[in-house]
Number of protein chains: 2
Amino acid sequence: MVERGRPRAFDRNEALHRAMRLFWTRGYDGTSVSDLAEAMGINKPSLYAAFQCKEKLFYDAVALYEREEGGKFLEALQAGPTAREAVGEALRVNARLFADPQKPGGCMIVVSALATDPDHDAVRCFLSGNRSEAEAAYRKRIERGVAEGDVPAQADAARAAAFYAAIQAGMSVHARDGAGERSLLEIVDGAMAAWDHVVMPGIVDNGRPDETGRS
Amino acid sequence: MVERGRPRAFDRNEALHRAMRLFWTRGYDGTSVSDLAEAMGINKPSLYAAFQCKEKLFYDAVALYEREEGGKFLEALQAGPTAREAVGEALRVNARLFADPQKPGGCMIVVSALATDPDHDAVRCFLSGNRSEAEAAYRKRIERGVAEGDVPAQADAARAAAFYAAIQAGMSVHARDGAGERSLLEIVDGAMAAWDHVVMPGIVDNGRPDETGRS
DNA sequence: CCTTTTGTGTACCGTTCGGTACAAATTGCT
DNA sequence: AGCAATTTGTACCGAACGGTACACAAAAGG
């Protein structure tokens with residue numbers, strides 16, 4: 001009793017991928033269901049049968065985005081030997097993603113619904129929550145650095161996470177405005193120069209008197 | 001021959017101000033003309049008679065935003081005694097604006113149309129151009145710092161401007177997510193810690209060997 | 001073969017969109 | 001007063017919106 005009835009004539013994942021690209025490019029409000037159906041190569045009833053409604057389709061598309069595009073970011077954030085190197089590499093991974101000429105500019109989670117009408121506030125909040133999760137990922141990685149000894153114990157992980165999350169969001173806007181990979185990597189470079197100060201505000205005024213916080 | 005015909009029964013500027021607030025909150029796509037008319041306290045024919053169409057109304061609203069909210073930013077950017085202090089103060093002015101609980105979160109020019117359908121691409125490009133102007137303002141202030149001697153001659157003003165413009169955009173997203181003034185000011189503080197490196201990449205690895213660049 | 005189950009395409013639903021026709025109302029000018 | 005110019009409110013326009021009814025097609029199970 002595995003498959004009853006007429007089989008689906010399209011690849012659900014492929015269709016979802018195309019929907020994701022369209023939402024990413026045009027935003028939630030800027031993408032109509034008719035446009036989606038056309039881009040997905042199906043008719044609207046097929047779309048609704050497979051994805052329930054526009055809003056759920058969007059959530060599925062965001063989940064796919066996180067799996068397809070967010071994976072390398074999270075990997076890089078875990079893989080780096082120190083919190084500093086991990087955060088830097090994670091930002092560089094995203095810089096390359098946001099500026100990829102084969103893809104819509106910037107991060108889908110930032111650009112696709114920043115301001116919406118109150119009817120779609122759930123969508124905006126959903127993305128806002130996802131952004132908070134990204135910030136939390138930065139924070140946890142820095143806290144891990146404290147636990148592992150490569151970040152000073154008195155570090156303000158939450159504050160540093162907010163800083164790097166903001167940098168990442170700014171990179172998305174910049175990418176939307178046509179900034180290239182080089183420009184975004186320069187921004188990352190600048191942000192990483194503030195590491196010591198951001199991680200230990202008040203202790204390190206500026207610059208780093210000593211990098212050997214490691215081990 | 002100054003005023004013929006029936007006089008307008010509403011204050012055009014007040015109405016535009018209310019439209020600006022609504023666009024700022026909900027974005028271009030998320031704001032309908034009916035909502036606008038209601039918020040402005042007028043009927044649609046009055047709206048169209050006074051502002052031509054939705055798109056032109058939006059442009060007028062953005063211009064008002066720049067006059068009302070962008071003024072203090074530009075002033076601070078010019079007023080600071082050094083480029084460094086001016087950029088820092090300008091960012092702090094915007095941090096307070098973006099987190100003002102009396103106003104919609106973030107910068108209108110960033111949040112109100114990042115991703116739209118192709119029909120409204122002109123709106124997106126208009127805002128993108130305005131963001132470029134803000135970046136140019138940063139660049140010119142830093143170049144002025146070079147001319148006045150408070151910034152080293154070999155400084156990369158364009159790169160630094162891109163960095164601080166990105167920070168500013170990131171602050172808008174963060175403000176939309178509910179970040180308060182304190183959080184945004186901490187981000188500014190972090191960004192300013194990178195000043196020397198950002199202004200002279202490759203020369204100053206990190207930190208500032210000397211702050212007495214002033215005069 | 002026949003029923004059940006599910007997907008497909010057409011053609012449509014009510015609502016909202018941006019925008020306007022039109023007649024009444026209110027002013028300045030002569 | 002009469003005319004020209006302009007705004008106002010009502011009521012409406014065609015188009016696009018998100019979503020669906022329905023008849024038909026294609027598969028599995030009996």
Side-chain angles (χ1 to χ4, degrees), chain A residues 1-16 18-19 22-23 25-61 112-113 115-124 126, chain B residues 1-16 18-19 22-23 25-61 112-113 115-124 126:
Chain A
M1 197 219 273
V2 274
E3 278 184 36
R4 304 258 299 184
R6 181 171 175 172
R8 188 175 282 133
F10 62 95
D11 182 330
R12 193 184 187 276
N13 243 331
E14 168 64 19
L16 181 57
R18 293 189 195 181
L22 208 62
F23 275 130
T25 306
R26 304 185 182 180
Y28 184 82
D29 281 337
T31 311
S32 77
V33 176
S34 299
D35 291 340
L36 285 164
E38 190 183 346
M40 297 160 87
I42 60 179
N43 291 106
K44 286 201 283 179
S46 299
L47 188 157
Y48 280 98
F51 302 100
Q52 278 71 264
C53 66
K54 186 188 180 187
E55 193 173 328
K56 286 191 179 169
L57 171 59
F58 181 73
Y59 296 151
D60 282 355
S112 60
T116 62
D117 66 318
D119 290 352
H120 301 146
D121 210 48
V123 171
R124 198 187 52 75
F126 173 76
Chain B
M1 198 218 270
V2 273
E3 279 185 34
R4 301 260 298 187
R6 182 172 174 172
R8 188 176 281 135
F10 62 96
D11 182 330
R12 192 185 187 275
N13 242 332
E14 168 65 18
L16 181 57
R18 293 188 194 181
L22 208 62
F23 275 131
T25 306
R26 304 185 183 180
Y28 184 82
D29 281 337
T31 311
S32 76
V33 176
S34 300
D35 291 339
L36 284 163
E38 189 183 345
M40 296 160 88
I42 60 179
N43 292 107
K44 286 200 284 177
S46 299
L47 188 158
Y48 280 97
F51 302 100
Q52 278 72 266
C53 67
K54 186 189 180 186
E55 193 173 327
K56 285 191 180 170
L57 171 59
F58 181 73
Y59 296 152
D60 282 354
S112 60
T116 62
D117 66 317
D119 290 351
H120 300 146
D121 211 47
V123 172
R124 199 186 52 72
F126 173 76

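Convention: sequence-line order gives letters A, B, ...; per-chain numbering from 1.
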Flag side-chain contact, heavy atom, 4.5 Å: Leu57(A) against Met40(A): yes

Side-chain contact test, heavy atoms from C-beta onward, threshold under 4.5 Å: evaluate it for Asp11(A) versus Leu16(A) and give yes or no. no

Upstream residue (5' side of DNA chain C) when Pro45(A) and Gln52(B) are each assigned their closest nucleotide: Pro45(A)

Starting from P on dG9(C), measure out to CD1 on Ile42(A) and report it in whole angstrom. 9 Å

Rounding to a whole Å, what distance do you find between Leu36(B):CG and dC17(C):P? 10 Å

Criterion side-chain hydrogen bond (donor to acceptor under 3.5 Å, both in side chains) on Asn43(B) and Ser46(B), from CA distance to verdict: CA-CA 5 Å; Asn43(B) 292 107; Ser46(B) 299; 5.5 Å; no

Asp11(A) CG to dG7(C) C1', in whole Å, measures 15 Å

Below 3.5 Å, does any donor atom in the side chain of Arg6(B) face an acceptor in the base of dT7(D), or the other way round? yes

Give the ring-plane orientation class for Phe58(B) versus Phe23(B), where under 30° counts as parallel, over 60° as perpendicular and anything between as tilted. perpendicular

Per atom distances to the Lys44(A) side chain, the nearest of dT5(C), dT20(D), dT8(D) is dT20(D)

Under 3.5 Å, is there an N or O donor on one side and an acceptor on the other linking the side chain of Lys54(A) and the base of dG18(D)? no

When the distance from NE2 of His120(A) to P of dT16(C) is rounded to whole Å, what number comes out? 12 Å

Could you tell me how far apart Arg12(A) (CZ) and dT8(C) (P) are, to the nearest whole angstrom? 12 Å

Report yes if at least one side-chain N or O of Ser32(A) is closer than 4.0 Å to OP1 or OP2 of dC17(D); otherwise report no. yes

OP1 or OP2 of dG7(C) sitting under 4.0 Å from any side-chain N/O of Arg8(A)? yes

Does a side-chain N or O of Tyr48(A) approach OP1 or OP2 of dG19(D) to a distance below 4.0 Å, or not? yes

Base, sugar-phosphate alone, or nothing: which one does Phe10(A) contact when heavy atoms must sit under 4.0 Å apart? sugar-phosphate

Between Leu47(B) (CG) and dT6(D) (P), how many Å, whole number? 19 Å

Would you mind reading off the distance between Asn43(A) atom CG and dT10(C) atom P, rounded to a whole angstrom? 6 Å

Taken to the nearest whole Å, CG/Asp117(A) to P/dG18(D) is 11 Å

Heavy-atom count around Glu38(B) CD within 6.0 Å, excluding the residue itself: above 12? no

Any base atoms under 4.0 Å from Ala9(B), or only sugar-phosphate, or nothing? Heavy atoms, all strands. sugar-phosphate

Below 4.0 Å: OP1/OP2 of dT8(C) and any side-chain N or O of Ser46(A): yes

